[in-house]
K.L.:
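One structure, pasted below without further comment.
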Protein chains: 2
Amino acid sequence: MKCPSYNLFFETMSSKLRVKILDLLMKKPMPVNEITKILKEEQSKVSHNLKRLHDCHFIEVERKGKERIYSLNKKTMVPLMKLVEKHVQCYCKKECYKK
Amino acid sequence: MKCPSYNLFFETMSSKLRVKILDLLMKKPMPVNEITKILKEEQSKVSHNLKRLHDCHFIEVERKGKERIYSLNKKTMVPLMKLVEKHVQCYCKKECYKK
DNA sequence: ATTTCATATGAAATAATATTCATAAGTAGT
DNA sequence: ACTACTTATGAATATTATTTCATATGAAAT
C-alpha cells in the first residue's frame, strides 16, 4: 500500500483530465471503456491517469469479468470538492470582495 | 481580480516549496526575506511562488515600509490542510485498511 | 537625487510531467 | 490453444512548469 504525500495529493488533483474523471465517477462507478467514450480520450491515457488517482486512493477498483469498474472515494472527494468550490466561487463572485 | 479554476487551485498546491511556504505562514505572517532565510531559498524563487499563491488567494499581502508582509488565508487553508491530513493519515496507518 | 534595502518580474534554461505508441497481460468464449 | 475484448504498462517524445539570472521597481534614508 502506497502512502500519498501532501504534494502527490495535490499534484494528482492538478490535472484537468483527472478532475474530469473524478467528476464523472461522482455520478456513478464505471469501467475504463465507458470513461474513454464519454471523455473521448485515448484508452492508455485514461488508464495512466486512473492509476495516478488510484495510487492516491481517490478511486477504487473492482473486477467484473474483463472490465474494471472504477468508483469514487466519496469520503474524501466530496468534502474536498465542496471546499474548493466554495473558495473558487468566493473569489469569482462580486459579493466576496466587496466587503 | 483573478478567478482561480479548480485546476489552478490544485496545481498551485502541488509544489513542495509552495506548501512549505503555506506551512510557515500557518504560524505567523512574515515578510519575504524572512521566508527566504528560513527556507534557504533564493529570493526570486520565493517571490515567483508567492505570486502563484497570491493569485489563488491562498495568501494576502500588506505593505509595511519596504517590506511586504504575507499572511495565510486561514479560512480556506486550515480546513483544506485538515482534510488532506486526514486522508493521508488514513491511507498511511494500518488501522485504516484493516477493516 | 542618489544610495540602499526589499521585493517583483521577464525571459532563457532546466526540470518535471503527461501523452503517445507499441505491446503485454488478463479474462471469457469457442 | 486460439481469438476477441478490456485494461495495463514501459519507454520515447512532447508538453508544461519551475528555476535561474539579470534587471526593474518602489520605499526610506542621507
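Owing to the predicted nature of the structure, the values given are computational and were not obtained by experimental measurement. Chain A is the first sequence line, chain B the second, and so forth, proteins listed ahead of strands; every chain is numbered from 1.
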K.L.:
Which nucleotide of DNA chain C is the first, and which the last, in the 5' to 3' direction, to come under 4.0 Å of a heavy atom belonging to chain B?
P.N.:
C/dC5 to C/dA11
K.L.:
Not counting sequence neighbours, list each pair that qualifies as a ring pair (Phe, Tyr, Trp, His ring centres under 6.0 Å) and has a residue in residues 25-48 of chain A.
P.N.:
none
K.L.:
Tell me the ring pair (Phe, Tyr, Trp, His ring centres under 6.0 Å) pairs involving residues 59-79 of chain B, sequence neighbours left out?
P.N.:
none
K.L.:
For A/E41, check side-chain hydrogen bond (donor to acceptor under 3.5 Å, both in side chains) against everything at least two apart and list the hits.
P.N.:
A/K45
K.L.:
Using a heavy-atom distance cut-off of less than 4.0 Å, which residues of residues 7-22 of chain B contact DNA chain C?
P.N.:
none
K.L.:
Partners of B/R52 by side-chain hydrogen bond (donor to acceptor under 3.5 Å, both in side chains), sequence neighbours excluded?
P.N.:
B/E11, B/T12
K.L.:
How would you summarise protein contacts on nucleotides 3-9 of chain D per nucleotide, using B for base, S for sugar-phosphate only and - for none, with heavy-atom distances below 4.0 Å?
P.N.:
--BSBBB
K.L.:
With sequence neighbours excluded, tell me which residues meet side-chain hydrogen bond (donor to acceptor under 3.5 Å, both in side chains) with B/Q43.
P.N.:
B/S47
K.L.:
What residues form a side-chain hydrogen bond (donor to acceptor under 3.5 Å, both in side chains) with A/T76, not counting sequence neighbours?
P.N.:
B/H87
K.L.:
Going by side-chain contact (heavy atoms from CB on, under 4.5 Å), name the residues that satisfy it together with B/P29, two or more places apart in sequence or in a different chain.
P.N.:
B/I69, B/S71
K.L.:
Quick one: ring pair (Phe, Tyr, Trp, His ring centres under 6.0 Å) pairs with a partner in residues 13-33 of chain A, sequence neighbours left out?
P.N.:
none
K.L.:
Partners of B/E34 by side-chain contact (heavy atoms from CB on, under 4.5 Å), sequence neighbours excluded?
P.N.:
B/K28, B/M30, B/P31, B/I38
